[in-house]
S.K.: 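First the structure, then my questions, so here it is.
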Amino acid sequence: MRLTRYFLPIIKETPSEAQIVSHRLMLRAGMIRQASAGIYSWLPLGYKVLRKIEEIVHQEQQAAGSIPVLMPTIQSADLWRQSGRYDDYGPEMLRIKDRHDRDMLYGPTNEEQITEIAAAGIRSYRDLPALLYHIQWKFRDEVRPRFGVMRGREFLMKDGYSFDIDKEGARHSYNRMFVSYLRTFERMGLKAVPMKADSGPIGGDMTHEFLILAETGESAVFLDRDLADLTLGDREIDWEDAAQLEGIVDQWTSSYARTDETHDAAVFEAQVSEERRVTARGIEVGHIFYFGSKYSEPLNAMVANAEGERVPLESGSYGIGVSRLAGAIIEASHDDNGIIWPEAVAPFEVAVINLKQGDEEADAACEDLYTKLTARGFDVIYDDRNERAGSKFATIDLIGVPWKLIVGPRGLKNGVVEMACRKTGEKQELAPDDAINRLADRFGRT
RNA sequence: CGGGCUAUAGCGCAGCUUGGUAGCGCGUUCGUCUGGGGGACGAAAGGUCGUAGGUUCAAAUCCUGCUAGCCCGACCA
């Protein structure tokens, strides 16, 4: 993409309404524009990031055996009356009426809908397990939306649901999602830590929140350093192997990790030696829980088991705050100059900066780099504006492009361009083609 | 939902106390000089002062209602 042809309304000064860094940077980088309280338009740059996040979630969900569907945003009140939540949900649910005066609602979540779908489509235990998910906009009429996309009223969420014949099956499904979440966040360059969540009225230990560690996080977290250092890395996962999944989940849940909600200082101190105690802040980006037959019973989602008895489906639900992640990643990764995108979600992977627009050689070298990088499959932004160098650096750093190829007459005289890393600030002079090859190696592009 | 605050040009703000021609910085447009980390000079465009009403010869300014947005707290992917 040539910057002169792109739509990138960046702003120099910080809008006054934005209090936290991700919100400020998203506005300044021209990623979003507020439509009303807690409701945002996603401008090209923001939309690109959102799509990349979404794509990673899609890939990891499907790798783990979950199947994509798409349920509507507008739902009928009927199902919610059956589950009893139409009254329970309260004013956070946006209620509307259609022209026939029927009660409708803008879905805050989809348990009822998916359970209805499962009930209609699953006839026997032989159809199980079933894991379905979608990525769809939700609306929760928050009393006080704030922090930009981190707590909007309208937000994009991946919500998945599992259906099994018994608790053992449900645990396997739960573990699939647990491991899938570890992979998903790791791929996005995030350090996400699963923490035991408040299980509420259902009880049990099958509920975890995934928090990414960021100084500006909304909740205090307490964890064992061993856990903070754990990574999945390249390990092969056999999603059908319940024992392997259980082993990984055990590995991640045996160390202490809790948010301020469930934190118990005495247990923390007893279980974790002093030098391993980490107190930090985190942002919740995922939440998984097992809820048994909470919805299948009232919605009559029954299925025949091997003995021919009709039993309620065993379910769990698994959420990832997709739009929130866009903000959360920035909270976890930025500096004074702007955003520092992890490569996997960067709106552009590499920027070509022409230091002297209009200089014949510089223009030609940039065009060549731009063409070649694009041909190699890179998402590249070419800053071809007739601006001074400083302005280009400021813009490219603000929008967080991981790699810069800096092209100017001086370097070209020696046959080199400069390759600079946004994250580390490291710079290196290379022949243009070597720079391309270096990037191709790094990104695994042939 | 309790408490606090704001609304004037795309963004950040001043003007309001004491009513009288709507201003500044950034950004934008044009020109010239420039050109390796938000450059300089010159010129220009851009505002029903959130909205409805009231007081007044006269309202951005005073009064009343309404609306929208923000912050702290309680609640949440």
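Proteins come first, then strands; the chains are lettered A, B, ... in the order of their sequence lines, and each starts at number 1.
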S.K.: Check every strand shown and say whether A:Gln34 touches a base, only sugar-phosphate, or nothing at a heavy-atom separation below 4.0 Å.
M.R.: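 Contact class for A:Gln34: sugar-phosphate only.
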S.K.: Specify the residue among A:Arg385 and A:Pro15 whose closest nucleotide of RNA chain B lies further upstream toward the 5′ end.
M.R.: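 Comparing both residues, the 5'-ward one is A:Pro15.
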S.K.: Whether the side chain of A:Asp397 and the base of B:G37 hold a donor-acceptor pair under 3.5 Å is what I'd like checked.
M.R.: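 Looking at the base of B:G37, it does pair with a donor or acceptor on the side chain of A:Asp397 (distance under 3.5 Å).
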S.K.: Tell me what A:Ile20 touches on the nucleic acid: a base, only sugar-phosphate, or nothing, going by heavy atoms under 4.0 Å.
M.R.: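 Nothing: the residue A:Ile20, judged by heavy atoms under 4.0 Å, touches no strand.
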S.K.: Check this for me: does the side-chain of A:Glu13 come within 3.5 Å of the base of B:G25 through a donor and an acceptor?
M.R.: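 Pair found.
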S.K.: For A:Pro409, report the nucleic acid contact type (base, sugar-phosphate, nothing); a contact means any heavy atom under 4.0 Å.
M.R.: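 The residue A:Pro409 makes base contact.
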S.K.: Can you tell me the pairing partner of B:U61 across any strand shown, Watson-Crick or G-U wobble, with both distances under 3.5 angstrom?
M.R.: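 Paired with B:U61, as far as the under-3.5 Å criterion goes, is no nucleotide at all.
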S.K.: Return the nucleotide paired to B:C76: Watson-Crick means purine N1 to pyrimidine N3 with N6-O4 or O6-N4, wobble means G-U with N1-O2 and O6-N3, both under 3.5 Å.
M.R.: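 Result: none.
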S.K.: Watson-Crick or G-U wobble partner for B:A14, using a 3.5 Å limit on both distances?
M.R.: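 Pairing partner, where one exists within any strand: none, as none qualifies.
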S.K.: Can you check whether any acceptor in the base of B:G36 is under 3.5 Å from a donor in the side chain of A:Asn354, or vice versa?
M.R.: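 No, no donor-acceptor pair under 3.5 Å.
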S.K.: Identify the nucleotide, in any strand shown, that forms a Watson-Crick or G-U wobble pair with B:C41, with both distances under 3.5 Å; if there is none, say none.
M.R.: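 Answer to the pairing question: B:G31, which forms a Watson-Crick or G-U pair with B:C41.
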S.K.: Could you run down nucleotides 72-77 of chain B 5' to 3' and tag each one B, S or - for protein heavy-atom contact under 4.0 Å?
M.R.: BBBBBB
S.K.: Assign A:Gly411 to base, sugar-phosphate, or nothing according to its heavy-atom contacts below 4.0 angstrom with the strands shown.
M.R.: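 Base contact - A:Gly411 has a heavy atom under 4.0 Å of at least one base atom.
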S.K.: If B:U6 has a Watson-Crick or G-U wobble mate with both distances under 3.5 Å, name it; if not, just say none.
M.R.: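 WC or wobble partner is B:A68.
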S.K.: Which one, B:G27, B:G36, B:C11, comes nearest to the side chain of A:Ile406?
M.R.: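 Of the candidates, B:G36 comes closest.
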